[in-house]
Amino acid sequence: MNAEQAVQSLMEQIKQQAESANLSKVTEVRLRLGCWENMTEKDLTAAFDRLKGDGLLGDARLVVDRKKPLAKCRYCDSLFEVLYFKSRCKHCGSNYMEFIVERGIVLEGIDGIE
């Protein structure tokens, strides 16, 4: 899925949240981007700006939070951020880890004017 398709699929959720919150204008849209997604925050923002139109989302700003890859050590159960492919557990030094994968794009919330 490319950035434009991802934003299009979120537009309906954004509009539903705005309607249920009785917002006449949306001022901010917050997204969480999984660490393994093959798109950048810049791509999402550009797609959002192209697709938002002049109505409800006309003045809205997109805020994207990209999550960092995490792993769990299979020896000591510590959680740590994976900085590079051969990262080791910060607690015990093991390289026997399980990636904790967060995928997809999630609508975190919206702000607006009633």
Side-chain angles (χ1 to χ4, degrees):
M1 178 183 308
N2 67 30
E4 198 152 315
Q5 291 170 328
V7 171
Q8 278 180 328
S9 68
L10 289 168
M11 286 296 190
E12 189 58 37
Q13 289 179 39
I14 295 167
K15 290 175 183 174
Q16 287 176 354
Q17 279 194 16
E19 187 178 303
S20 67
N22 293 322
L23 300 178
S24 61
K25 282 282 194 190
V26 174
T27 56
E28 183 176 277
V29 175
R30 294 178 306 282
L31 299 180
R32 185 176 69 233
L33 180 61
C35 61
W36 303 115
E37 292 303 315
N38 191 22
M39 64 187 80
T40 66
E41 294 88 340
K42 184 178 177 181
D43 294 337
L44 282 171
T45 302
F48 180 78
D49 289 342
R50 278 193 305 276
L51 295 172
K52 67 183 179 179
D54 293 330
L56 176 68
L57 298 169
D59 297 327
R61 168 179 91 99
L62 183 66
V63 177
V64 180
D65 178 26
R66 180 180 281 276
K67 293 299 180 185
K68 297 185 173 150
L70 296 177
K72 179 179 179 183
C73 178
R74 290 190 176 177
Y75 284 115
C76 70
D77 288 333
S78 293
L79 290 176
F80 59 95
E81 185 179 326
V82 178
L83 300 175
Y84 53 92
F85 186 67
K86 293 186 178 185
S87 287
R88 294 184 170 271
C89 175
K90 309 293 184 231
H91 186 260
C92 72
S94 169
N95 65 350
Y96 189 50
M97 66 184 111
E98 173 184 345
F99 283 97
I100 299 173
V101 178
E102 183 170 323
R103 293 187 181 269
I105 301 171
V106 177
L107 178 60
E108 288 279 297
I110 62 172
D111 291 327
I113 302 167
E114 289 185 26

Q: How far does CG of L107 sit from CD of Q13, to the nearest 0.5 angstrom?
A: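 Rounded to the nearest 0.5 Å, the CG-CD separation comes to 5.5 Å.
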Q: Is there a path of hydrophobic side-chain contacts, each under 4.5 Å between heavy atoms of I, L, V, M, F, W or Y residues, that connects L33 with V63?
A: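 Each belongs to a different hydrophobic cluster.
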Q: Indicate yes or no for a side-chain donor-acceptor contact from T27 to the backbone of D111 under 3.5 Å, with no hydrogens or angles considered.
A: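 Answer holds: yes.
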Q: Is any side-chain heavy atom of E108 closer than 4.5 Å to a side-chain heavy atom of D65?
A: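 Sidechains of D65 and E108: no contact.
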Q: What's the shortest heavy-atom distance between V7 and F48, and which atoms?
A: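 Scanning both residues completely, I find the closest heavy atoms to be CG1-CA, 3.9 Å.
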Q: What distance do L31 atom CG and E41 atom CD have between them, rounded to the nearest 0.5 Å?
A: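 The CD atom of E41 is 10.5 Å from CG of L31, to the nearest 0.5 Å.
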Q: Under 4.5 Å between side-chain heavy atoms, hopping through other hydrophobics if needed: is there a path connecting L62 to M39?
A: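 Yes; M39 is reachable from L62 via cluster members.
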Q: Do side-chain atoms of K25 reach the backbone of G55 as a donor and acceptor pair under 3.5 angstrom?
A: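 Looks like yes, one N/O pair under 3.5 Å.
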Q: Could you check whether atom CG of D59 has more than 12 heavy atoms from other residues, nucleotides or ligands sitting under 6.0 Å from it?
A: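 Open: at most 12 neighbouring heavy atoms sit under 6.0 Å from CG of D59.
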Q: Could you state whether L51 and L56 fall into the same hydrophobic cluster, counting links through intermediate Ile, Leu, Val, Met, Phe, Trp or Tyr residues with side-chain heavy atoms under 4.5 angstrom apart?
A: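 Same hydrophobic cluster.
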Q: To the nearest 0.5 angstrom, please state how far the CZ atom of R30 sits from the CD1 atom of I14.
A: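 Rounded to the nearest 0.5 Å, the CZ-CD1 separation comes to 11.0 Å.
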Q: Looking only at non-hydrogen atoms, find the nearest pair between L70 and V82 and report the distance.
A: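 Shortest heavy-atom contact: C-CG2, 4.1 Å.
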Q: Which heavy-atom pair separates F80 from S87 by the least distance, and what is that distance?
A: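 In terms of heavy atoms, the two residues are closest at CE1-CB, 4.3 Å.
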Q: Testing H91, M97, K90, K72 one by one against S78 for a side chain to side chain contact (heavy atoms under 4.5 Å, CB included), which residue passes?
A: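 The single option meeting the side chain to side chain contact (heavy atoms under 4.5 Å, CB included) with S78 is H91.
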Q: Do Q5 side-chain atoms and N2 backbone N/O form a donor-acceptor pair below 3.5 Å?
A: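 Checking the backbone N and O of N2 against the side chain of Q5, a donor-acceptor pair under 3.5 Å is found.
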Q: Side-chain contact test, heavy atoms from C-beta onward, threshold under 4.5 Å: evaluate it for M11 versus L57 and give yes or no.
A: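 Touching, per the 4.5 Å side-chain cut-off.
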Q: Hey, are the side chains of L23 and I113 touching, using non-hydrogen atoms and a 4.5 Å cut-off?
A: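 Side chain of L23 against side chain of I113, heavy atoms only: no contact under 4.5 Å found.
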Q: Can you tell me how far the CZ atom of R50 sits from the OG1 atom of T45, to the nearest 0.5 Å?
A: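 So the CZ of R50 and the OG1 of T45 are separated by 10.5 Å.
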Q: Is any side-chain heavy atom of L44 closer than 4.5 Å to one of I105?
A: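 Yes, at least one pair of side-chain atoms sits under 4.5 Å.
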Q: Looking at Y75 and C92, what are the two nearest heavy atoms and their distance?
A: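 It is CB-SG, 4.4 Å.
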